Amino acid sequence: MCGIIGVVASAEFKRERRLGTLIKQALKHLEYRGYDSVGFAIITYDGRLVVRKSRGMIDAVSVKLGFDELDGYIGIGHTRWATHGPPSDSNAHPHIDCRGRVAVVHNGIIENYMELKNYLMERGHSFSSETDSEVIPHLIEEFKKLGASPYDAFKAAVSVLKGAYALAAIDLDSPDRIFFARSTSPLVVGIGSSENYVASDIPAFLEYTRNVVVLRDGEVGYITSDEVHVEKLICGRAGHSEVSSELQVVLNALEAVPVDLRNRVREIDWTPEMAMRGGYPHFMLKEIHEQPQAVSSTLAGVASEVRQVAEHLKGVERVIVVGAGTSYHASYIGALLLSNVAGVWSIPIISSEMRWYLRSLGEGDAVIAVSQSGETIDTLLAVREAKKLGVLTVSLSNVVDSAIPRESDLVIYTRAGPEIGVAATKTFTTQVVALAYLAAELARVKGFMNSGEFTKYVAELRRLPEIIAGVIAQYEAKARRIAKNMVNKKSAFYLGRGYGLPISMEGALKLKEIAYIHAEAYPAGESKHGPIALVEEDFPVIFTALSDEEYGLIKSNIEEMRARYAWVIAVVPKINNVVGEVLKLASECIPLPPLNPAVAPAAYIIPHQLIAYYTAVFKGHDPDKPRNLAKTVTVY
Ligand code: M6R
């Protein structure tokens, strides 16, 4: 995954902040993409290429290597999530060529790096890391030896790469520009007033500009302080050229067409404050508290997109909803909504498992791809494959113009604002709210709902921001109390039926990923078919029911767990007889406002988010940067 940043000003431009500090701050905004090592390369005002990098997290490395002291007018930076080669000083980016004139940062995976590395080593290049990325500066060096200009050498190097990459490179032989290229891994250009930027994600430069160009696959180019130049590399699509070709042949075959950016510059409505912690100890807690606003903005913004998608889905018989991680849990809710509210046959599938279902899909079917980042490679591939079969593709994403929306036939955008915490919270609630809206709109256009029922349903959706705010206010303290007891647990079960199942799955994922407690979600009815063997005194079992119907079905399962002295926590609707029974059966009862179960998931997930957050905090973990995880997964 990894995060990259590049910034270029004119050599005369002196900003208030030193370049080292600017790059450090930008990398802090990208830390969610990886945080095992960090580094940067700067061209100083006296024309030297300075590279500093180390294993470790940004703040510590910055102090150790004196990032804040360094200044210059052009630089690149990188925060790493290791793929090839473990976290170490030498594997940290940037990587440089043999002569120390070219520095490159890379996000992605170069699949043919071994072949390239052997080829370059035969030609006398020496390597100092185990990474796939290090071949890139050496390739640039090799093409320059053939007389190519620095930019042509960069493009030629890109043209022999196979795999996924977002690249930024600086070259002492062309010291006023940053070269960039994109294939699959995300990359955006930020257009400033006296500087330009290139980065893996917008928050990196949001403090300086809101004018962005989202780069597309196969695009290469460069930024100077006052120019953004983009080309489409014709022979340079990943995998087109072979390293076995003579390099001169590769160079001669290089062909690129300029890209007209006039309609591609977007002014985004995110503010710098949105990407800051704003007084909260962690982004995750801030983002949990932002959910009323995120849901309200999404409901206010999606109406016309939802209407358009519903019109297209009207004649469709089968809908597959795909996603990964939290987005899969939202997909699960989406499939239940389409089946139960709109009467359309629908199932959820984990994106990486989609290939096994493709053979039976075709025209007349639809795929809804759910992805907050819009970049998850497994989900992107699911969309691509479905499209090839003539399936209608719809995406639900939080990032405008990202890869999955761009490749889909239709798109609905959630309006959650930037989500920095690695654990998804506000993007999940906005996804389920958008899907609930879509299901109702589809039910309406299909005649499954009359206009009175539709109006009532939408009115209930619109009450959600207030309800979510109330749930947070009422249960944050209780979640802290439950979390205090959870910290000593090794394992937990999350059980539910109907909508309660995907909420349980999401609750279990939150506890796993940030509190490092093994947690499994099951349909409550399945527990007696095996899992209950693990239950002993004080084993945590968290039940979720979103309606009295769901509660009626899990009641006997609660009894079974209680009979084994489990520590039972129950999230249930505040209906007198339900709460009365739960108070007798469970150790902890969290009664929430009774809602239409199709509308309720966005409210019923809140206690789970809070319990996981406080458990992580009490265990001393940083919930924003869980180990081994990165927010956007662009490798399969
Ligand atoms: O950007 P996406 O929604 O496609 O990301 C999918 C998953 O990688 C993501 O939801 C992941 O599971 C989060 N860490 C969940 O908190």
Side-chain angles (χ1 to χ4, degrees), residues 1 3 31-35 81 184-186 200-203 282-285 287-288 291 294 321-334 348-354 367-384 395-408 411-414 416-432 434-435 494 502-503 505-516 519 521 605 608-613 616 621-636:
M1 271 68 51
E31 220 177 355
Y32 71 88
R33 303 182 65 83
Y35 30 81
W81 186 84
T184 307
S185 305
S200 300
D201 199 0
I202 296 163
H282 299 104
F283 278 108
M284 184 176 172
L285 189 61
E287 287 156 3
I288 289 173
Q291 290 179 110
V321 195
V322 295
T326 290
S327 290
Y328 170 67
H329 302 148
S331 304
Y332 203 122
I333 292 169
I349 294 180
I350 290 179
S351 308
S352 56
E353 290 296 307
M354 177 70 175
V367 162
I368 300 180
V370 181
S371 171
Q372 80 80 22
S373 64
E375 302 286 349
T376 298
I377 189 74
D378 292 329
T379 311
L380 178 60
L381 292 178
V383 167
R384 278 190 191 154
S395 60
L396 177 60
S397 176
N398 195 44
V399 182
V400 173
D401 233 10
S402 50
I404 296 169
R406 261 199 336 267
E407 296 202 20
S408 306
V411 57
I412 300 171
Y413 285 114
T414 50
E419 187 176 69
I420 312 294
V422 167
T425 52
K426 63 176 178 171
T427 53
F428 175 75
T429 39
T430 52
Q431 285 167 348
V432 298
L435 288 163
Y494 282 73
I503 293 297
M505 291 157 82
E506 177 58 9
L509 176 62
K510 292 284 92 85
L511 194 72
K512 263 186 286 215
E513 67 179 339
I514 60 170
Y516 312 149
I605 190 59
H608 298 294
Q609 295 173 340
L610 289 166
I611 291 170
Y613 170 79
H621 304 313
D622 180 349
D624 286 344
K625 300 187 199 78
R627 68 186 176 208
N628 304 335
L629 295 182
K631 187 143 185 84
T632 309
V633 183
T634 50
V635 290
Y636 33 77

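Just so it is clear, the structure is predicted and the values come from calculations on it, not from any experiment. Atoms within each ligand, like the ligands themselves, are counted from 1 in listed order.
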Pair Ser327-Gln372, side-chain donor/acceptor within less than 3.5 Å: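 No, because no side-chain N or O of Ser327 sits under 3.5 Å from a partner of the opposite role on Gln372.
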
Contacts of Tyr328 that satisfy ring pair (Phe, Tyr, Trp, His ring centres under 6.0 Å) - sequence neighbours left out: none

Distance, nearest 0.5 Å, that separates NE2 of His608 from CG of Leu511: 11.0 Å

Gap separating the CD atom of Glu375 from the CG atom of Asp201, nearest 0.5 angstrom: 8.5 Å

If you look at each N/O of ligand 1, which protein N/O atoms lie under 3.5 Å away, and at what distance?
residue	atom	partner	partner atom	Å
ligand 1	1 (O)	Ser373	N	2.9
ligand 1	1 (O)	Ser373	OG	2.6
ligand 1	1 (O)	Thr376	OG1	3.4
ligand 1	3 (O)	Ser327	OG	2.6
ligand 1	3 (O)	Gln372	N	2.8
ligand 1	4 (O)	Ser371	OG	2.6
ligand 1	4 (O)	Thr376	OG1	2.4
ligand 1	5 (O)	Thr376	OG1	3.4
ligand 1	10 (O)	Thr326	N	3.0
ligand 1	12 (O)	Thr326	N	3.4
ligand 1	14 (N)	Val422	O	3.3
ligand 1	14 (N)	Glu513	OE1	2.9
ligand 1	16 (O)	Thr326	OG1	3.3
ligand 1	16 (O)	Ala424	N	2.8
ligand 1	16 (O)	Lys510	NZ	3.1
ligand 1	16 (O)	Glu513	OE1	3.3
ligand 1	16 (O)	Glu513	OE2	2.5

Check against side chain to side chain donor-acceptor pair (under 3.5 Å), Gln609 and Thr425: CA-CA 7 Å; Gln609 295 173 340; Thr425 52; 5.1 Å; no

Ring geometry between His282 and Tyr613 (parallel below 30°, tilted from 30 to 60°, perpendicular above 60°): perpendicular

